[in-house]
Each structure stands twice: as C-alpha cells, then as structure tokens.
Amino acid sequence: MDEMSDLFEQRVRKLQLLKKEGINPFPNDFKVSHTSKEVFERCGSLSNEELQTFEESFSLAGRIMAIRDFGKAAFIHIKDREGKIQAYLQKNILGEESFRFFKRFDIGDYIGLEGRPFKTRTGELTIQVDRFRLLVKSLRPLPEKWHGLTDIETRYRQRYLDLIANPRTKEVFLRRIQIIQRIREFFTARGFYEVETPMLHPIPGGATAKPFKTYHNALEMDLYLRIAPELYLKRLVIGGLERIFEINRSFRNEGISTLHNPEFTMLEFYQSYATYLEMMEMTEDLICSLVKEIYGQFSIPYQGREIDFTPPWKRIRFEESLLEIGGLDPAILREPSKAVEVARGLNLELKKGTSHGRVLADLFKEVVEPRLDQPTFVTHYPTAVSPLSRRNEENPELVDRFELFIAGREIANGFSELNDPLDQRERFLQQISERGEEADASLLMDEDFLLALEFGMPPTAGEGIGIDRLVMILTDSPSIRDVIFFPLLRPERSAT
RNA sequence: GAGCCGUUAGCUCAAUCGGUAGAGCAACUGACUCUUAAUCAGUAGGUUGCAGGUUCGAUUCCUGCACGGCUCACCA
C-alpha cells in the first residue's frame, strides 16, 4: 500500500508529482534581499503601528524549521545563515490555489518568500507573506525539533544535521571561524606574512610523530604528509621572510583521543630578531585578546571549572615545576639514576630512552602537566628533548624554550630557534642514536634543511599553537571532535 | 592496542523477573485565521546494530563481530 511505505518514498512521490505538474522543485533564480538578522535590525525596535506604515517588502529565503497550521492560515519558522524568523501565511491574502500549494510543504524544505513585517500579539516580528516559492524539496525528515540530534556518532558522521538541529554546534564552529579570523588579523597587523608550505614532505620533520605515507607515481617516490611545517617555514626565514605565519593542517599517524585527531590545525609563526621571551608576550596578547573579545572578561568557564587569563600568566622553569608542582625529590635534578628510580616508581615505561633530560620530561608529563590548570608558561626545557631549540647561554644543557599549558594540556610550544648549523647536525645525530634501530635515520637527517641553515638563519624565535585545543578551551568543548567539522571515524559498515 | 559502557520507529526515549516491543515529535487523514514544543480526533510506521548459542519462549542471559563513547596506552 502506497501510503504505508517509508518517509523517504513518500517525499520522492511528492517530488515526482511536482515535476509532473511542471513545477521545478529545485529552482535557482530566487533573489534574496535580506537575511533574517537584517530584518530584525531594521524592524525589531519598531512598534506594530510603525510597521503598519512600513513600505518596504522583504525577500527572504531559508529552510522551514516549523509549521503551525490553522487550516486557513499558518505560521512557519524559517532559518537562514544568520538566524531564524517567523512568517505568516493566510489564505485570504495568498488566494485559494497558492495557499493549497503551501500545504504541500514539509519541514526541511527551502522556501523563498516576499512580504512585509508586522508584530504578532506576543510581539514577535513576523513576515506577512504576499508571495512564496518552493526552492528545494527535502526528501529526508529532519531530527526532532525539541531534543535536536543527540546521538554523538550521527552528529559527527552527518555534521550537517548537527548544524541544522543544534544551535550550540553552530555557535562553536562560528566561534572557531572567528578565532582563526582574529589570528590572521593579529599577525597581519604586526607585519607578518601568511605563507603556505608543502604538505607532501620527502622527509617528515619538525616533530617526531609517525607520519602518513603516500607515493608519487610520476616521480616514483615515497612522500609523507607533513607532521609539522617547521623546517619549511625556517627555510623561508633563511630566504629573508623575517616575519611569517602559517595556519596549517598537519597529520600524525597516532592514536585518536579527545585531544588528538589524525589531522589537526596548528598555527606556526616566526619572527626574526626576537627571542622566546617576546613569543611568550605575543602569545599572552593574542590569547587574551581572543578571550576578551569572546567573553568580555578574563575569567572563563571550562568543563565546570574557571580558567583565569588575567595577565601576566604564571611562568615557571621546567626543573622548578618538577619540585614545586610535581612535588618530586630535588635529587632527581642532580642524579640521573635517581630520576630513573622515581620514574620507575611511578610505573613509567621509559622506552623512549633514558637520557636524563628525557626521563625528566617523562616525569613532567606525568606529575606536572595535568596540574597546570591555569595558563602557565613552563620554560628552560632540557636540551635533550628540544632538538630544534637554541641552547641557553648560561646552561647549554637547557634551551630557550617554553610551553604553554591551559586546563592541563599543552597549547603552545615556542623557542628561540637553533641557528648554528653544526650544532643542529649534532642534535639530529643525537636523535638518531637515541632512537636506535627503531627509526629510519634517513628520515631524521634532513640534509636539505641543514644546507639551508648553513647559509645563515637570522636570530629568530618561533612558535606553534594548537588551534583545535585552543578553540576547545574557548568554546568549553570537552572533545577535539567537537571543534573539527568532520573528525576521522571508521567508515560505517554498509548493511548490504 | 587494553578495560568499561552503549547501539530499540526518521529523531528523542520507554519496555518490571526472560513472556506478543510502547510513547512524544516527525509523517499520513480530518477540524481549526495570532501560533510559537500550537491544539483536538484518527491512521500508519520495528529483521530491537550483525551472526551464533542457551531456552517452550530472548530487546532482556551467553559468545563472537561491527560501529561509537569514556578511560588508559601511544603522541620527544
């Protein structure tokens, strides 16, 4: 029986009927004069009496989100890119035939309408429709109007439904867009050029994560999706581009979690004749301006706690943080064997090598990082875990580097850049020996980059900021998947 | 990769101790010209994620698989 088949087939039949009647269900010649928001801006503060004399007619388009039908009249809500507005359709204004056609609309269809504004008894600004057109016939029912779409898997797989049904989702992504826009303005205003560097790397450098591997047929060569843009950006600095930034997608073939997506967005920027100290100040300025713009104050909520961005932010040296925040025995700083012993006591595996600096870094990750809830710069990392950073003048076992932590997670990593090509080569060699047979040496020693460095890189400081994680904090989102439109998921296994 | 939890109508959720799978919204038919989760009357909609097992009988108990979530591991 016809009426009994599923909702999709019902809609397809409606569509076919429209076509048979010579009505195009997907026209593209409707002209929009205003958005819903513009109508509110123009008319929202006017009284109904003032609106009576309002001459102008508005032409709006949007998706029908609700229909309240009264037989000879109906209210609908339509949603466009900037919001929602109510419209009122009456039989005695539209005429018998036109009103009967309106009755065939479904929630989810796009409608184009023309009419004048008025206010209802309850004071809601509404368009009195004079004319309307079907713009798109929708063949699938939308999620429920009241609860929206809550199934997390569907929200990720069919993000468009999430965006339609859940206003909060749209707010989060609009905020992400706003943040990235402000970052561009921030750096452009300071004389930085926005650049683009390769995403296909013959040698995946600038970090040590596992890369995604691919192959170029014509060149018959392996290539890797970049794990970081750092070494290419430095080549540009060597080329004389003294202030540059890249908002880059990088790829790491590692586990997925609430803090990790295989592809993620990073901001990297480099400034010649600056040091890591200026980078910290710039970071504070940038993030504070974002917080202020979004929240209007420095104290913001994140997952049930308060984070206070009031500058200046706490700064602490790496080694001191192990003692003061981690509560560890000061002996670990003097005696590598003691550090190993403490790490073993905490059940850390130490498989990445047991150089003193690396063990301390493991301890840091375990006992300090999760406790850095409020914005904190940790400075003076061990050289052993910082192969691209400039050595500290007073203590060459430390580097002029910092990391920024907020809500117990790493948000930024910056340092004065190592520009001594001989030392850089040594550091790469150190990496190779430390990793042993585990790593392919040819993928760690980037001779082309070393060649560039040998021509001379000006004293420079650089930094990377994890945009997704920053957006998480500034939108009170618990998972990185909440701030990436299409997070990576396994494909759904089809039923057939 | 490991542990725990989840998967029921298009959507949001129920289903007692293992006893014929229900509701709201959406849809369909009808009434209704200021509603806004409109209202009222009626109708239809299910391989309970998939495959097995136990049982007279499985949404429910067991095993495996798929997908997802959380935690851990991994991510210098």
Side-chain angles (χ1 to χ4, degrees), chain A residues 1-11 13-14 48 65-77 84 86-94 99 106-108 118-124 126 128 138-158 161 164-165 206-211 227-228 252-262 264 347-349 351-353 355 357-362 364-365 381-389 403 410 413 427 430-431 434-435 438-439 444 478-479 481 487 489-495:
Chain A
M1 283 199 283
D2 261 14
E3 297 97 328
M4 307 225 174
S5 42
D6 75 12
L7 301 171
F8 175 72
E9 283 169 30
Q10 260 177 35
R11 296 274 185 106
R13 272 196 299 279
K14 287 184 180 183
N48 213 10
M65 300 302 290
I67 300 176
R68 290 178 292 278
D69 179 9
F70 290 86
K72 297 191 180 65
F75 287 96
I76 64 174
H77 264 109
K84 253 191 203 180
Q86 184 171 253
Y88 189 42
L89 298 97
Q90 288 173 287
K91 190 176 180 178
N92 61 359
I93 288 183
L94 294 165
F99 193 73
D106 289 299
I107 291 169
F118 76 105
K119 279 191 174 166
T120 63
R121 271 180 208 157
T122 53
E124 178 167 351
T126 300
Q128 170 79 57
S138 168
L139 301 181
R140 302 273 182 187
L142 291 180
E144 199 227 10
K145 61 186 170 189
W146 188 243
H147 300 92
L149 180 67
T150 64
D151 181 76
I152 292 179
E153 188 174 349
T154 309
R155 289 181 49 218
Y156 295 157
R157 287 192 197 280
Q158 295 175 273
L161 292 180
I164 292 167
T208 54
K210 288 190 206 83
I227 54 177
R252 295 184 184 179
N253 203 341
E254 307 280 358
I256 295 176
S257 77
T258 50
L259 293 176
H260 301 86
N261 194 63
F264 63 102
N347 285 321
L348 301 186
E349 283 192 39
K351 58 189 163 201
K352 289 167 235 150
S355 75
R358 198 164 292 282
V359 173
L360 293 181
D362 285 344
F364 176 86
K365 202 134 193 111
Y381 278 75
T383 303
V385 296
S386 313
L388 301 166
S389 305
E403 288 194 313
E410 181 190 341
N413 176 21
R427 304 270 201 103
Q430 187 61 39
Q431 291 268 290
E434 205 168 65
R435 307 212 114 210
E438 173 201 344
L444 289 169
S479 169
R481 298 181 202 94
L489 299 178
R490 279 200 171 88
E492 235 171 340
R493 202 179 51 165
S494 72

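Source: prediction; values computed, not measured. So you know, we letter chains A, B, ... as the sequences are listed, proteins then strands, and number each from 1.
One C1' atom belongs to A58(B), the other to U16(B), and the distance between them is 16 Å to the nearest Å.
In this structure, Trp146(A) places its CH2 atom 13 Å from C1' of G24(B), rounding to the nearest Å. The CZ atom of Phe118(A) sits 10 Å away from the C1' atom of U35(B) (whole-angstrom rounding). With rounding to whole Å, Phe364(A) atom CZ is found 16 Å from C75(B) atom P. His260(A) places its NE2 atom 14 Å from the C1' atom of U71(B), with the value rounded to the nearest Å. The interatomic distance linking Phe8(A) (CZ) with C28(B) (C1') rounds to 18 Å, in whole Å. Atom CG of Asn253(A) and atom C1' of G1(B) are 14 Å apart (whole Å). Look at NZ on Lys365(A): it is 13 Å from P on C72(B), rounded to the nearest Å. Note: CD (Gln10(A)) to P (C28(B)) measures 6 Å, nearest angstrom.
Separating the CD1 atom in Ile67(A) from the NE2 atom in His77(A) is a distance of 12.5 Å, to the nearest 0.5 Å.
Thr383(A) meets the side chain to side chain contact (heavy atoms under 4.5 Å, CB included) test with Arg391(A), Val399(A), Arg427(A); sequence neighbours excluded. With sequence neighbours excluded, no residue satisfies salt bridge (Lys or Arg N to Asp or Glu O under 4.0 Å) with Glu124(A). Scanning for side chain to side chain contact (heavy atoms under 4.5 Å, CB included) contacts around Ser257(A) gives Leu259(A), His260(A), with sequence neighbours left out. With sequence neighbours excluded, no residue satisfies side-chain hydrogen bond (donor to acceptor under 3.5 Å, both in side chains) with Tyr88(A). Applying the salt bridge (Lys or Arg N to Asp or Glu O under 4.0 Å) test to Lys14(A) and every residue at least two apart in sequence or in another chain returns Asp106(A). Annotation: salt bridge (Lys or Arg N to Asp or Glu O under 4.0 Å) contacts of Asp151(A) (sequence neighbours excluded): none. Glu144(A) is linked by a salt bridge (Lys or Arg N to Asp or Glu O under 4.0 Å) to nothing, counting only residues two or more places apart in sequence or in another chain. Legend: residues meeting side chain to side chain contact (heavy atoms under 4.5 Å, CB included) with Ala228(A), ordered by chain and number and at least two apart, are Ala207(A), Arg252(A), Met266(A), Glu268(A). Phe70(A) pairs by the side chain to side chain contact (heavy atoms under 4.5 Å, CB included) definition with Arg68(A), Phe75(A), not counting sequence neighbours.
Between the Asn48(A) side chain and the Lys119(A) main chain, a donor and an acceptor come within less than 3.5 Å of each other.
The shortest distance between the side-chain N/O atoms of Arg490(A) and the OP1/OP2 oxygens of C67(B) is below 4.0 Å. For A26(B), the OP1/OP2 oxygens have a side-chain nitrogen or oxygen of Lys145(A) closer than 4.0 Å.
Between Lys14(A) and Thr258(A), the residue anchored nearer the 5' end of RNA chain B, judged by the nucleotide with its closest heavy atom, is Lys14(A). Between Asp106(A) and Arg481(A), the one whose closest nucleotide on RNA chain B sits nearer the 5' end is Asp106(A).
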Could you run down the sub-3.5 Å N/O contacts of the protein with nucleotides 7-12 of chain B?
{"residue": "C11(B)", "atom": "O2'", "partner": "Glu144(A)", "partner atom": "N", "Å": "3.1"}
{"residue": "C11(B)", "atom": "O2'", "partner": "Gly148(A)", "partner atom": "O", "Å": "3.1"}
{"residue": "U12(B)", "atom": "OP1", "partner": "Thr150(A)", "partner atom": "N", "Å": "3.0"}
{"residue": "U12(B)", "atom": "OP1", "partner": "Thr150(A)", "partner atom": "OG1", "Å": "3.3"}
{"residue": "U12(B)", "atom": "OP1", "partner": "Asp151(A)", "partner atom": "N", "Å": "2.9"}
{"residue": "U12(B)", "atom": "O3'", "partner": "Thr150(A)", "partner atom": "OG1", "Å": "3.2"}

Would you list the protein and nucleotides 29-33 of chain B atom pairs, both N or O, that sit under 3.5 Å from each other?
{"residue": "C32(B)", "atom": "N3", "partner": "Asp69(A)", "partner atom": "O", "Å": "3.4"}
{"residue": "C32(B)", "atom": "N4", "partner": "Gly71(A)", "partner atom": "N", "Å": "3.3"}
{"residue": "U33(B)", "atom": "OP2", "partner": "Phe70(A)", "partner atom": "O", "Å": "3.1"}
{"residue": "U33(B)", "atom": "O2", "partner": "Tyr88(A)", "partner atom": "OH", "Å": "3.4"}
{"residue": "U33(B)", "atom": "O2", "partner": "Gln90(A)", "partner atom": "NE2", "Å": "2.6"}
{"residue": "U33(B)", "atom": "O4", "partner": "Asn92(A)", "partner atom": "ND2", "Å": "3.3"}

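Looking only at side-chain heavy atoms (C-beta outward), Thr120(A) and Gln86(A) come within less than 4.5 Å of each other.
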Pairs counted only when both distances fall under 3.5 Å, Watson-Crick or G-U: show me the 5' to 3' dot-bracket for RNA chain B, [ ] for pseudoknotted crossings and | for other-strand partners. (((((((..((((.....[..)))).(((((.......))))).....(((((..]....))))))))))))....

